[in-house]
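Reviewing the structure listed below.
Values in this document were obtained by computation on a predicted structure and should not be read as measured data. We name chains A, B, ... by the order of the sequence lines, and we start the count at 1 in each one.
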Amino acid sequence: MLYPLSYGGYIENSNIEAIPLDLGLDLRMDLTPEQLSKLIADSVKQLAENNGFELSLPHEIAVERPKNREHGDWSTNIAMQLAKQLGKNPREFGQEIADFMSDSDGVDRLEVAGPGFLNIFLYTASAASILPEVVSQGSSYGSSEIFSGQKMNLEFVSANPTGPIHLGGTRWAAMGDSLARILTSQGADVVREYYFNDHGAQIDRFARSLFARASGAEAPEDGYGGEYITEISDRILKRHGKEVLEYPHDEALEIFRAEGVEMMFADIKKSLSDFGVEFDVYFHENSLHESKAVEKAINQLRKNGHIFDKDGAVWLRSTEFGDDNDRVVIKSDGEPAYIAADLAYYLNKRERGFDRAIIMLGADHHGYVQRMMAMCSAFGDTPGENLEILIGQMVNLMENGTPVRMSKRAGTVIPLEVLVEAVGVDAARYALTRSSANSNLDIDLKALAKKTNDNPVFYVQYAHARTIQVENNAASFGITVDEFEPSLLKHETENALIAKIVEFPAILKIAAENREPHRVARYLEELAGTYHRWYDNCRVTPLAGKPVEPVHGSRLLLNRATTVVLANGLRLLGVSAPERM
RNA sequence: GCCCUCGUAGCUCAGCGGAUAGAGCAGAAGACUUCUAAUCUUUUGGCCGCAGGUUCGAUUCCUGCCGAGGGCGCCA
């Protein structure tokens with residue numbers, strides 16, 4: 001059995017079901033990659049036999065789509081892989097294969113190139129034949145069913161309601177939401193979830209900070225600062241009157257805690273919503289304690305033999321699963337440690353039917369990964385499969401080339417709202433999504449606020465707006481796509497643009513598999529550039545005084561297919577696709 | 001000391017083992033009587049941190065070193 005790996009590569013004897021090729025490739029090639037792969041294998045075997053050679057073929061005969069179109073429709077590295085066995089140089093052997101295969105059905109010509117690549121050119125229908133299909137699929141072009149049937153829980157942001165969402169959280173809001181969109185486009189059933197920590201010491205510190213501000217006292221040690229503390233404490237004072245400060249201390253603190261958290265959380269939700277990020281589930285940590293789910297989870301682990309008691313505390317024997325140290329689950333004072341709720345939370349997600357729990361964390365929490373994975377194993381699950389943790393590096397705010405120091409205590413953290421206010425939702429989301437999560441990210445507010453190409457988002461959006469204007473102009477000329485003739489699209493920029501459009505489904509698949517939304521952004525920049533170059537060379541509407549010709553209608557369809565892909569890509573990033581700029 | 005991520009053009013960053021390492025910005029020179037010049041064309045600029053290893057082939061995988069950021073609580 002053969003199955004395709006992204007563009008090319010085929011592995012024999014796989015027990016994986018055959019997956020249909022990305023739409024488009026079949027249409028444009030008379031010879032499918034499977035057939036080509038088999039043809040090469042047969043040719044090489046025959047060639048070896050004729051020469052009396054014993055050959056052991058690699059288990060995989062890779063047939064891949066070359067980056068450079070001049071390198072053929074497909075390319076294989078088989079000659080380089082086998083040359084050593086035969087004692088020939090790869091180019092020489094490649095030429096032998098080329099000669100042998102040159103009369104095969106569907107093959108136009110073969111070339112040996114570079115260190116020994118065999119480039120294969122097929123008799124093909126015009127590449128442009130794919131365009132009507134792209135347009136008719138519209139907003140679903142690029143989607144697939146590769147994750148069909150998978151229930152995924154994507155947890156991200158999950159910032160404590162003790163302050164506004166800072167830049168790191170904002171990065172995850174943008175990337176997480178985009179990732180959810182991309183995974184969904186590939187058939188996954190995704191739930192966006194926000195873990196709402198309304199329990200524990202940080203919340204207490206938040207309450208004391210609010211109370212202190214309201215009563216005009218100094219902020220407590222390890223407390224929170226910043227204008228939002230004043231704002232919220234003022235709102236609480238207004239609601240209850242100054243008398244609240246005279247209540248018994250515990251009672252007053254409880255009011256500041258409960259209402260402060262509620263207000264802060266409402267603010268966070270609003271910021272995220274304004275940012276275009278909506279969660280399906282806000283999960284309250286407190287509910288895990290109240291429902292005894294924490295106790296239940298610990299009991300289950302104890303039954304599995306992974307819990308022990310020492311020094312008056314309850315421990316998870318996480319070292320059994322590769323963690324550096326065993327972890328305290330219930331402290332000796334009887335209070336649950338942070339991880340206790342996480343045990344129950346993970347179990348809860350699995351009980352809700354999720355095959356995969358994906359959690360996005362900042363680099364400052366990466367030390368938490370090992371114990372979470374150990375916990376996953378302790379429940380009898382498979383780390384990396386049932387539980388996946390994505391780590392995102394820090395975001396720096398740059399000013400004049402140096403990072404601005406931020407401190408929660410001093411309240412100098414740059415929140416989501418400030419970023420959005422300065423540069424707008426589109427530029428903010430795009431900037432936070434176009435880099436790999438593995439890279440530290442520097443945000444320069446001044447550069448982002450500029451409406452120039454310091455800001456690639458405008459480059460992409462402008463391309464989209466341009467396609468719409470071209471569409472409108474074509475309509476005023478009465479140009480239609482009814483008489484589409486693929487062979488009329490033969491300019492080199494047209495070939496390039498069509499090739500880019502065809503690439504889109506594969507990009508989405510890779511982005512989804514690797515959990516890397518930035519690949520979509522980078523692709524869109526390339527697509528936009530390819531479009532702009534086409535626009536510069538090929539007109540959709542005739543020059544003044546000239547008649548409308550068949551080529552114009554065919555180009556209009558290419559223009560429309562570009563609109564579709566730009567719009568689909570931008571939507572997956574949560575960035576608007578304006579019709580006019 | 002241990003763990004994670006990063007190190008690619010002057011800057012910000014792409015590059016899921018392949019061919020001549022790319023884009024934007026910045027620098028230089030051009031293109032609007034023609035669908036949006038937020039665009040396009042040409043051009044300058046690289047020991048892909050260093051040293052080994054695996055491979056037919058390494059910027060990519062492995063090991064070590066150097067440098068940057070982050071993390072190593074009965075905190076959350």
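The nearest whole Å value for the distance from the CG atom in D364(A) to the P atom in rG73(B) is 15 Å. In this structure, CG of D342(A) is placed 16 Å from C1' of rC74(B), rounded to the nearest angstrom. The distance from atom CZ of R466(A) to atom P of rU34(B) is 13 Å, rounded to the nearest whole Å. Separating the CG atom of L527(A) from the P atom of rG24(B) is a distance of 14 Å, rounded to the nearest angstrom. Distance, N197(A) CG to rC75(B) P: 15 Å, rounded to whole Å. With rounding to whole Å, Q202(A) atom CD is found 4 Å from rA76(B) atom C1'.
Side-chain N/O atoms of R515(A) include none lying less than 4.0 angstrom from OP1 or OP2 on rC16(B). In this model, the phosphate group of rA37(B) is approached by a side-chain N or O of Y535(A) to a distance below 4.0 Å at OP1 or OP2. Neither OP1 nor OP2 of rG18(B) sits under 4.0 Å from any side-chain N or O of N77(A). Contact annotation: R434(A) side-chain N/O to rU12(B) OP1/OP2 distance is not under 4.0 Å. OP1 or OP2 of rC40(B) sits under 4.0 Å from a side-chain N or O of Y459(A). Side-chain N/O atoms of Y338(A) include none lying less than 4.0 angstrom from OP1 or OP2 on rA76(B). Between K84(A) and the phosphate of rC56(B), there is a side-chain N or O to OP1/OP2 separation shorter than 4.0 Å. Within the structure, every side-chain polar atom (N or O) of S439(A) is placed at least 4.0 Å from both OP1 and OP2 of rU12(B). Between rG73(B) and K331(A), no contact under 4.0 Å exists linking OP1 or OP2 to a side-chain N or O. Distances shorter than 4.0 Å separate none of the side-chain N or O atoms of R580(A) from OP1 or OP2 on rU36(B).
Under the 4.0 Å criterion applied to side-chain N and carboxylate O atoms, R371(A) and D326(A) are not assigned as salt-bridge partners. Salt-bridge check for D323(A) with R327(A): passed, with a basic side-chain N closer than 4.0 Å to an acidic carboxylate O.
Judged by distance alone, with hydrogens and angles left aside, the side-chain atoms of D198(A) form a donor-acceptor pair with the main-chain N or O of N286(A) at under 3.5 Å. A distance-only check finds no donor-acceptor pair linking the side chain of S287(A) to the backbone of F283(A) [under 3.5 Å].
At a cut-off of 3.5 angstrom, the base of rA38(B) holds no donor-acceptor pair with the side chain of N455(A). At a cut-off of 3.5 angstrom, counting only N and O atoms as typed in the model, there is no donor on one side facing an acceptor on the other between the side-chain of H366(A) and the base of rG71(B). Applying the 3.5 Å distance criterion, the base of rA19(B) shares a donor-acceptor pair with the side chain of S75(A). Interface remark: the S332(A) side chain does form a donor-acceptor pair with the rC74(B) base, using a distance-only criterion of under 3.5 Å.
For an aromatic pair to be called close, the ring centres must be under 6.0 Å apart, and F156(A) with Y194(A) fails this.
If you take atom C1' in rA26(B) and the same atom in rA9(B), they sit 11 Å apart, rounded to whole Å. With both ends at atom C1', the span from rA21(B) to rU63(B) equals 25 Å, rounded to whole Å. Here, rU60(B) and rC48(B) have their C1' atoms 10 Å apart, quoted to the whole Å. rG64(B) and rG70(B) are spaced 23 Å apart, taking the P atom of each and rounding to whole Å.
Within the nucleic acid shown, E525(A) has no heavy atom closer than 4.0 Å to any nucleic acid atom. P542(A) comes within 4.0 angstrom of nothing in the nucleic acid, heavy atoms only. N325(A) comes within 4.0 angstrom of no nucleic acid atom, judged by non-hydrogen atoms across all strands. D311(A) comes within 4.0 angstrom of a base, heavy atoms only. Using a 4.0 Å heavy-atom distance criterion, H199(A) is classed as a sugar-phosphate-only contact.
Remark: R466(A) is not positioned above the aromatic ring of Y531(A), lacking an NZ or CZ atom under 6.0 angstrom from the ring centre and at most 45 degrees off the axis.
Both thresholds, 5.5 Å between centres and 30° between ring planes, are met by F117(A) relative to the base of rA19(B), so the two rings are stacked. Here H518(A) does not pack flat against the base of rA14(B), since the 5.5 angstrom centre distance and 30 degree tilt limits are not both met.
Within the shown strands, rU5(B) is the pairing partner of rA68(B) under the Watson-Crick or G-U definition, both distances less than 3.5 Å. Across every strand in view, rC40(B) sits in a pair with rG30(B) that passes the Watson-Crick or G-U test at under 3.5 angstrom.
Both R519(A) and G312(A) sit near RNA chain B, but only R519(A) has its closest nucleotide nearer the 5' end. Mapping T541(A) and I391(A) onto RNA chain B by nearest heavy atom places I391(A) at the nucleotide closer to the 5' end.
Within the model, atoms CZ of R580(A) and CD1 of I468(A) stand 10.5 Å from one another, a figure rounded to the nearest 0.5 Å.
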